[in-house]
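Got a structure for you, written out below as structure tokens; questions coming shortly.
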Protein chains: 2
Amino acid sequence: MPAHAPDKQAVACDGVTTLADLIGYQLRRASIFDLQGAAAALAPAEARPVLMSVLLSIVETPGMTSADICRALSMQRANIVPILADLEQRGLFRRETDAADRRIQRLYPTRRGTEEAARWLALVDEHEQRMLQRLGPTERRELRRLLELIWQGEIES
Amino acid sequence: MPAHAPDKQAVACDGVTTLADLIGYQLRRASIFDLQGAAAALAPAEARPVLMSVLLSIVETPGMTSADICRALSMQRANIVPILADLEQRGLFRRETDAADRRIQRLYPTRRGTEEAARWLALVDEHEQRMLQRLGPTERRELRRLLELIWQGEIES
DNA sequence: TATTGTTATACTCTATAACTATA
DNA sequence: TATAGTTATAGAGTATAACAATA
């Protein structure tokens, strides 16, 4: 077999020749599809995906600062300000200026915040169950694992 | 075992309790990570992911109309106008008004368009190989299959 | 000098409404 | 009436620059 002719096995493994072959394209289509469903699922609670992500961060790790959350979610500090203002106005968390470093505010969920986070999570989970109905439990776990593997390169590189 | 206590197996299968458990969250993080890399990979060619998607559509299915492409890529007709204007100005495709129905323009790639599409695809493929370095060939195929399964619900439902 | 929280602003992407020409 | 291509515009989401307070 000549060296310049790709063999069939190589082509089957990673020969990207069309748009649909690109995993990045599939990722985007699936992500947009999910995001629209998640937004629709949260609408009755007057919430949005980004509100849920920030609130869940506070609930899961009480005492986080807004800068911490921004680093964890890869968003700009400037853009979390109106989101926190929204959640605060609903009484879902409270700010506590750190005694040792008065530049930072530690964020703690209120009782209502913890309850609301669970409610929002359940709404989105319902949507996910519909979205993933064609996938079995093993496939769902495998998908989560593969997706994590991809964007964990974000920190390393 | 009491009915109200979820057994361990059920929790392990679909007990979503944190943000990281949500496949939608993992999808978004992975998709954003990919999109930034793809944009960076295409920048030297003065292209963007959406330009590549539209050009590849024309190359893969010559004779498509702009409305066809919008339906295939789930984008608004209004938003493809400046994209086509850009690609046309670079001489990557030509429009041909359909003789039977003079409302529609069929789009055909030029020689340069086909070459440029292949070049852009190669740039993005390079980026994907880096992004997917932790995944083996079988895992990549499995990931593509699972992602397709998710957003194919877009058409049905 | 560096970081936090904040404001103001710009830029990109996407969505909507309306128009014309054709059918 | 319905669709294709187009224009103009509005809205989200995200990015950048600068500021005061604090370390």
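We name chains A, B, ... by the order of the sequence lines, and we start the count at 1 in each one.
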Are A:W120 and A:D125 close enough that some pair of their side-chain heavy atoms sits under 4.5 Å apart?
no
Hey, are B:D98 and B:R102 close enough for a salt bridge, meaning a charged N less than 4.0 Å from a carboxylate O?
no
Between D:dA15 (C1') and A:I83 (CD1): distance, integer Å
14 Å
Nearest whole Å is fine: how far is D:dA23 C1' from A:Q105 CD?
16 Å
For a quick check under 3.5 Å, do A:S31 and A:D34 share a side-chain donor-acceptor pair by atom type?
no
D:dA4, OP1 or OP2 - any side-chain N/O from B:R106 closer than 4.0 Å?
no
Measuring from A:L121:CG to B:T18:OG1, what's the distance to the nearest 0.5 Å?
7.5 Å
In whole angstroms, the gap separating C1' of C:dA2 from CD1 of A:I104 amounts to 14 Å
Looking at B:E96 and B:R94, does any basic side-chain N land under 4.0 Å from a carboxylate oxygen?
yes
Phosphate OP1/OP2 of D:dG5 contacted by B:S66 side-chain N/O (<4.0 Å)
yes
Map A:T65 and B:S74 onto DNA chain C by nearest heavy atom, then report which one ends up closer to the 5' terminus.
A:T65
Check: B:S74/A:R29 side-chain N/O donor and acceptor closer than 3.5 Å
yes
How many Å lie between CD1 on A:I80 and P on D:dG13, as a whole number?
14 Å
Check: protein-nucleotides 18-23 of chain C nitrogen or oxygen pairs below 3.5 Å:
unit_1: C:dA23; atom_1: OP1; unit_2: B:R102; atom_2: N; d: 3.0

Expressed in angstrom and rounded to an integer, what is the separation of A:D68 atom CG from C:dG5 atom C1'?
13 Å
Listed pairs, N/O of protein and of nucleotides 8-14 of chain C, under 3.5 Å:
unit_1: C:dC13; atom_1: OP2; unit_2: B:R48; atom_2: NH1; d: 3.4

Between P on C:dT3 and CD1 on A:I69, what's the gap in Å once rounded to a whole number?
19 Å
Could B:R119 and B:E116 be called an ion pair, given the rule that one side-chain N must be under 4.0 Å from one carboxylate O?
yes
Ion pair present between A:E148 and A:R144, side-chain N to carboxylate O less than 4.0 angstrom?
no
Quick one, B:I150 and A:Q26 - any side-chain contact, counting heavy atoms below 4.5 Å?
no
Atom CG of B:L35 to atom P of D:dT14: distance rounded to whole Å?
12 Å
